[in-house]
Structures are given as C-alpha cells and as structure tokens.
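For reference, the structure discussed in these notes is given below.
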Protein chains: 2
Amino acid sequence: MDSKSAAENFIERMGVISQADGQTRISGRILGLLIVEGRPFTLGEMAERLQISKASASTNARLLRTSGVIRLVSHAGDRQDYYELGTDPYRRMMATVGERLANIGAEVLEAEASFPPNDMDTRRRVHQLADFYLRMAERLKDWSDHPENGPAPAPRHNS
Amino acid sequence: MDSKSAAENFIERMGVISQADGQTRISGRILGLLIVEGRPFTLGEMAERLQISKASASTNARLLRTSGVIRLVSHAGDRQDYYELGTDPYRRMMATVGERLANIGAEVLEAEASFPPNDMDTRRRVHQLADFYLRMAERLKDWSDHPENGPAPAPRHNS
DNA sequence: AGTCTCGTTCAGTCAACACTGAACGAACTG
DNA sequence: CAGTTCGTTCAGTGTTGACTGAACGAGACT
C-alpha cells in the first residue's frame, strides 16, 4: 500500500514535470507508469490505472512513440497493443530535444538571411543566436551518440 | 522598410519559439527586439513597438531579468528603466535550463527515496531517470562555464 | 455474415494562463 | 505640497489546447 502511494506520487510528479516542460501532463504520467511498473501496458490498462480516457491514452502513447521514448510491442495471439519503455529512452529524449534545437537554429539562420546585407551588426547578433541553438543541438547529438562520456557516470549495475 | 519587415518577422518568430518552449510569447518577442535593435529599450518603447500593454512589458521583462538574459541599466538623469541584453545571454539561458533540470533530478531522487527498499528494480529504474536529469544538468553547467569547448565555435569578433 | 473488441478520430468542453486595463505606489519636479 | 511620470500589482477577460465522449473502422473468432 505504501508502495502503491509512492508509485502514484511518482507518476503524478512526472505528469507535472512533463507539463512544465511543455509536454502534456498525461504523456508524463504514462512515462512514469511505465518506469515504475517496468512492464508493458495496454492502452486499456493505462486508461484504467491513470483514470483517463482511452482517447487520451492512445493519443499520448502515440506521441511518446514517435520520439522513441516508448515502443509498441505485440504479443503473439493477443490483438492488444502493448507499450513499454524503448531502448535508452533518455538518450532518445535528448536526441529529440536536439532535433528541435537544430530546427530552431535553422529557422533563425533563415531569419538572418532576410536581413539586408548592410545591417552587419544586426546580422551578427542574430547569427550568434542561431549559433547558440546549432551548437547546443550538435552537443546534444554528440552526447546522445556517446553517452559514456561526461560527468557523473551512472553506477554500474549487473542486470 | 525591408529591414523593418525582416525585424518584425524575426521578432515574431522569436515569440513563437518562446511559446513553443513553454515560455510566454511576449518574453520571446522582447528578447527578439533587443537582439535585433541592439540597444537598450524602455518599457514604454517596448510596449509601443510590440503593441502590448505596459503591464505585459513590465512582467515579461522582469521574468527575463531574473534569468539574467536581459539586464536593467539606468541612465543618469533619467528615471526610466532601460533593458538591454545581458552579458552572454545564451550562456545564462543554458545555466537556467541546467538549474531547472537539477531541480527535477533532485525531485526524482526524493521520489525514489519514497519507494520501499525491497523494490530494487523500481528504485533502479527511477534512479536512472534521476541520473539522466542530474547528468544533463551538470553537463549544461559545464557548457555554460566553458563555452569555448564544443563543436562549431563562434567566429570571434573584436568588440 | 454477425458480433465483439480493439485503436483511432473528431467535435465539443473545460480549465489554465497569458494578456489587458485600471488603480496604486514611488520618486522626481515645479 | 500639488502635479507628473514612471513601474508594478491585481482582478477580469480572452484564448489556446489538453482532455473527454461518442462514433467509426479494422480485424478476429464463431
């Protein structure tokens, strides 16, 4: 029972975090559920456990799936869709963020090109912004490709 | 005139980006304005130029100021508050994001502690999430402290 | 074919929140 | 001490968008 409330608490926190990050609350709760339980869930199970509609479960699971954070698994002889955590879900999250930043950087570069060539100072300032986004995106990409580097390595655990 | 529309276009894009990032649209537009114009602005000037209320200008400028992206400058003999880009505004943005991630990581660690000790697997999965946030935060901190490292170095310009 | 059980889609609703207008407080000027 | 001009605060409003309920479509089993 204590375990149950700890799980619910964690799931709810994940929802709030997700929402503060610009995502939907439900997608965070689904992710939290899959992390806590550590087993595949059907859309129906999610809906019942999280007290949400099947529509929301479907939509948000699809959303999480497109970014590779969760994956769809199918059991033989079972028509239902099971969702579970993808491989390296957090690296996928980073990669997704990196892609978004790269898109923003490209967009800012576009905007820079629309300024007249003689506005040197303006173009330089705008270019600095684009550079920030692009460098950030590239670093995230590097990191998601080589997660072993970097500070605070995770304590190794034998599965 | 072409320069003007390019500026407005850029400012508007910054607003959309800011909104997509979970910030307010106006804060992005203010930032875009300061980047494009490259000079200090008063709240009244912002309100007029961006066609927003003084209240919004005040609130959003305050918001940007707390993260150090823009700074308040005072001209002698002028009661008005002038806002301009802070020093290394993008590094400050990174640092702010890093702080938020560190807070989330700490929060997840808290949640992990609330699980019963015998739920080894659950605790491990939750811990991996906390680790992700904390490592991300630390890396962002490193980046904001050492901006010279990393791919695609910005072209140096003599101020 | 008929029925049942899935997942998805779409219009409608509801709540969160950005934004505004007006009132207030503060600091300077005459 | 009025009068003025700032910036801030707060209640009210408008809008976006997440979420729901119901209808629909697709397979599967009898």
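Throughout, a chain's letter reflects where its sequence line sits, starting with A, and its residues are numbered from 1.
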d(CZ, B:Arg65; C1', D:dG7) in whole Å: 12 Å
If you apply the rule side-chain contact (heavy atoms from CB on, under 4.5 Å), what do you find for B:Phe41 with B:Glu84, and how did you get there? CA-CA 7 Å; B:Phe41 269 75; B:Glu84 65 179 8; over 6 Å; no
Round to the nearest Å and state the distance from A:Leu63 atom CG to C:dG7 atom C1'. 16 Å
From CD of B:Gln23 over to C1' of C:dC19, roughly how many Å is that when rounded to an integer? 16 Å
Taking the minimum atom-to-atom distance to the side chain of B:Ser56, which one of C:dC19, C:dT9, D:dC19 wins? C:dC19
Nearest to the side chain of B:Ala55 - C:dG21, D:dT20, D:dT8? C:dG21
Out of D:dA22, C:dG7, D:dC19, whichever nucleotide has its closest atom nearest the side chain of A:Lys54: C:dG7
Among the candidates C:dT20, C:dC6, D:dA22, find the nucleotide nearest to the side-chain atoms of A:Arg79. C:dC6
Using the closest heavy atom to pick a nucleotide of DNA chain C for each, name whichever of A:Gln80 or B:Ser27 lands nearer the 5' end. A:Gln80
Could you check whether any side-chain N or O of B:Asp21 sits under 3.5 Å from a backbone N or O of B:Gln23, counting only pairs where one atom can act as donor and the other as acceptor? no
Among C:dC10, D:dC19, D:dG7, which nucleotide has an atom closest to any side-chain atom of A:Thr24? D:dC19
Judged by nearest nucleotide, the residue sitting upstream toward the 5' end of DNA chain D, A:Gly22 or B:Asp81, is B:Asp81
Where each residue is assigned the nucleotide of DNA chain D containing its nearest heavy atom, which of A:Arg25 and A:Gly77 is assigned the position nearer the 5′ end? A:Arg25
C:dT5, D:dG7, C:dG21: which one has an atom nearest the side-chain heavy atoms of B:Ser58? D:dG7
A:Glu45 CD to C:dT5 C1', in whole Å, measures 15 Å
Answer yes if the side chains of A:Thr24 and A:Ser27 hold a donor-acceptor pair under 3.5 Å, and no otherwise. yes
Calculate the interatomic distance between B:Gln19 atom CD and C:dA16 atom C1'; express it in whole Å. 14 Å
Taking the side chain of A:Tyr83 as heavy atoms from C-beta outward, which of C:dA27, C:dG21, C:dT8 is closest to it? C:dT8
Distance, rounded to the nearest Å, where B:Glu48 contributes CD and D:dC6 contributes P: 12 Å
Can you tell me the distance, in whole Å, between the CZ atom of A:Phe41 and the P atom of C:dG7? 14 Å
Of the nucleotides D:dC19, C:dT20, C:dT9, which has the atom closest to the A:Thr59 side chain? C:dT9
Within this structure, what is the OH-to-C1' distance between A:Tyr82 and C:dG7, rounded to whole angstrom? 14 Å
Lys/Arg-Asp/Glu bridge criterion (N-O < 4.0 Å) met for B:Arg125, B:Glu112: no
Salt bridge check, B:Glu8 against B:Arg29: does any charged N sit closer than 4.0 Å to a carboxylate O? no
